[in-house]
Number of protein chains: 2
Amino acid sequence: MAGNGTRTSASGETIQHLKKMIASGEFPPGGRLPTERDLAVQLGVSRNTLREAIRALTLAGLLEARQGDGTYVTSLSPAMLLDTFAMLVELSADATVLDMLEVRRALESVAATQAASRITDEQLGRLAGHLEEMRHDPQRGDGSVDEVVHADAQFHAVVTEAAGNPVLAALIEALSTRTLRARTWRGRVDQGVFDRAIREHEAIFEALRDRDPARAGAVAAAHVAGVEAFLRAAQH
Amino acid sequence: MAGNGTRTSASGETIQHLKKMIASGEFPPGGRLPTERDLAVQLGVSRNTLREAIRALTLAGLLEARQGDGTYVTSLSPAMLLDTFAMLVELSADATVLDMLEVRRALESVAATQAASRITDEQLGRLAGHLEEMRHDPQRGDGSVDEVVHADAQFHAVVTEAAGNPVLAALIEALSTRTLRARTWRGRVDQGVFDRAIREHEAIFEALRDRDPARAGAVAAAHVAGVEAFLRAAQH
DNA sequence: GCACAGTATTGGTTGGGCCAATCCATAGAC
DNA sequence: GTCTATGGATTGGCCCAACCAATACTGTGC
């Protein structure tokens, strides 16, 4: 009966069907889908198969199911969608880490450049705060590298936020896995290059504070390049 | 004791569990998973629930199920993983198109820069071929814009291939949706700026042929910037 | 008008069953 | 001896029916 030309598994077919319905606006962002029972009948598949499709699209960030309530289409914001992309990056092989960093270098540079001409005083204030947190030398005290890692992540998050490009922000976020950050900072502490990393962040901050786009882009690129060099050396 | 921070549904839990097993190397890339029946017992969930998790990770590009054979972990290559990311981009709202292009501009520039110092004569030859295909003016003949779109895509694919960074290639590929390419070329034909677009591609080709990284990066960025300007104007 | 209990609705999960594609070992043809 | 095909055994694909759990809704009593 189905006889469709494409390689069709009922489940995969259902996924495509749902995607199409969402893309066509039949189910608008934020809108609610029919109940699983009804939708299964409508699509001509069992509820079980429909559920597999829904679950898959939920993991992809397209749908959101709330028990007792219903299933809704997400806002389809870049951040939401690229969030799942981050999951994939996390699982990538070590061999691709340097490739990812090369991309991140370009993106962070663009973000800093854009941010320099758009950043607000409030954002600059937060930046300064995170910079201060970062200065807590983990070698003394309880030595919690986690704190520094967190401050580092926050710092870069503010920069990408100031850049005002959600796609750019989401991509940078996705490429900056927490595990990589942690590894890098721990290595810096071990090798005594902690201060240099701090200075790099200060340079980015100062360029942004001076609203100097070209300089901001350059120092941001240099910063990531420093991480690259560090990791490249560590791989031997 | 449920007070765990994470939202725990058996299905979501299973997805996390599988991801962990893959990340930890318990299921190495290319490796085969136990049968659904066995794995369901092992994870303490029903086979149906396990199937939802497997289907979700399959859509995400992490697993690959072959009926009658078994379920395998994919190669986890960037291209494979980012392929699903492309699907998400396709569904993004129009409002984010310009944001995406801004990112693409940076990435294409990097790709061209890298390619300039690594491209082989064979790749240059293919580039010239695609350039020739692109010159088939769609205004005469059957006016198949599709052909030009395809040649355009191939052209950029060769550039990213020559750049030698799989992550970069996959990202650019994902951000360059076919629908967007088609829309752009059709608009160029309508507005008679077809030749200019061809010249931009020629400029990229010549910079690569001369192995001039800086120039290649610059003209590539200018090319995407042209697309941006074109679409920005078209939105009004 | 408001708090609360009961009920209907809806996604979450389970177990079992059957189908279809693939693999594999064995028997047969040449 | 080598190749073929034939028939199980294995494995994912799909469906059905039922029950659980969380949420929304509704009507009652105050």
Side-chain angles (χ1 to χ4, degrees), chain A residues 1-19 21-22 26-74, chain B residues 1-19 21-22 26-74:
Chain A
M1 44 178 268
N4 190 323
T6 63
R7 63 189 61 240
T8 48
S9 62
S11 180
E13 195 73 14
T14 304
I15 291 177
Q16 295 301 323
H17 207 138
L18 288 178
K19 270 170 47 180
M21 285 168 136
I22 295 171
E26 188 166 346
F27 299 145
R32 188 183 141 161
L33 272 60
T35 70
E36 291 184 349
R37 274 111 176 158
D38 292 347
L39 194 54
V41 173
Q42 182 182 336
L43 298 182
V45 297
S46 77
R47 189 180 161 217
N48 231 319
T49 301
L50 207 217
R51 276 186 61 76
E52 283 185 15
I54 288 180
R55 173 63 70 177
L57 291 175
T58 298
L59 180 68
L62 281 169
L63 296 178
E64 184 185 349
R66 292 201 286 267
Q67 183 175 174
D69 187 356
T71 303
Y72 298 81
V73 180
T74 64
Chain B
M1 85 157 239
N4 188 327
T6 63
R7 60 192 70 238
T8 47
S9 63
S11 180
E13 198 73 14
T14 304
I15 292 176
Q16 296 300 323
H17 208 139
L18 288 179
K19 270 170 47 182
M21 285 169 134
I22 296 171
E26 188 166 346
F27 299 144
R32 190 182 137 159
L33 271 61
T35 71
E36 290 185 349
R37 271 105 177 164
D38 292 347
L39 194 52
V41 173
Q42 181 181 337
L43 298 182
V45 298
S46 76
R47 190 183 159 215
N48 257 320
T49 301
L50 206 214
R51 276 185 60 78
E52 282 185 17
I54 288 179
R55 173 64 69 177
L57 292 176
T58 298
L59 178 67
L62 283 172
L63 296 178
E64 184 186 350
R66 291 201 287 265
Q67 184 175 174
D69 187 355
T71 303
Y72 298 81
V73 180
T74 64

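Computation of the quantities below employed the complete heavy-atom set of this structure, encompassing side-chain atoms and omitting hydrogens, waters and symmetry-equivalent molecules. Every chain is numbered from 1 and lettered A, B, ... according to where its sequence line falls, protein lines coming before strand lines.
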Nearest 0.5 Å, please: how far is [atom2] in [Y] from [atom1] in [X]?
{"X": "A:Thr49", "Y": "A:Glu13", "atom1": "OG1", "atom2": "CD", "value": "12.0 Å"}
{"X": "B:Thr35", "Y": "B:Arg47", "atom1": "OG1", "atom2": "CZ", "value": "8.5 Å"}
{"X": "A:Leu63", "Y": "A:Leu57", "atom1": "CG", "atom2": "CG", "value": "5.0 Å"}
{"X": "B:Tyr72", "Y": "B:Leu33", "atom1": "OH", "atom2": "CG", "value": "10.0 Å"}
{"X": "B:Leu43", "Y": "B:Thr14", "atom1": "CG", "atom2": "OG1", "value": "6.0 Å"}
{"X": "B:Ser11", "Y": "B:Gln16", "atom1": "OG", "atom2": "CD", "value": "10.5 Å"}

What integer distance in Å separates [X]:[atom1] from [N]:[atom2]?
{"X": "A:Leu33", "N": "C:dT9", "atom1": "CG", "atom2": "C1'", "value": "16 Å"}
{"X": "A:Arg32", "N": "C:dG11", "atom1": "CZ", "atom2": "C1'", "value": "10 Å"}
{"X": "B:Glu13", "N": "C:dT13", "atom1": "CD", "atom2": "P", "value": "10 Å"}
{"X": "A:Tyr72", "N": "C:dT9", "atom1": "OH", "atom2": "P", "value": "16 Å"}
{"X": "A:Glu36", "N": "D:dC15", "atom1": "CD", "atom2": "C1'", "value": "15 Å"}
{"X": "B:Leu39", "N": "D:dG12", "atom1": "CG", "atom2": "C1'", "value": "13 Å"}

*Mind checking what makes side chain to side chain contact (heavy atoms under 4.5 Å, CB included) contact with B:Pro29, not counting sequence neighbours?*
B:Leu76
*asked:* Each nucleotide in nucleotides 22-27 of chain D should get exactly one letter: B, S or -. Can you fill that in based on protein heavy atoms under 4.0 Å?
replied: BBS---
*Looking only at non-hydrogen atoms, find the nearest pair between B:Ile15 and B:Ala56 and report the distance.*
CD1-CB, 4.0 Å
_Residue closer to the 5' end of DNA chain C, B:Arg37 versus B:Gly44 (nearest nucleotide)_ = B:Gly44
*Between A:Thr71 and A:Leu39, is a side chain to side chain contact (heavy atoms under 4.5 Å, CB included) present by the stated rule, with each step listed?*
CA-CA 11 Å; A:Thr71 303; A:Leu39 194 54; over 6 Å; no
*Reckon A:Thr71 has a side-chain N or O less than 4.0 Å from the OP1 or OP2 of C:dG11?*
yes
*Going by number, which of residues 47-55 of chain A have a non-hydrogen atom under 4.0 Å from DNA chain C?*
A:Arg47, A:Asn48, A:Arg51, A:Arg55
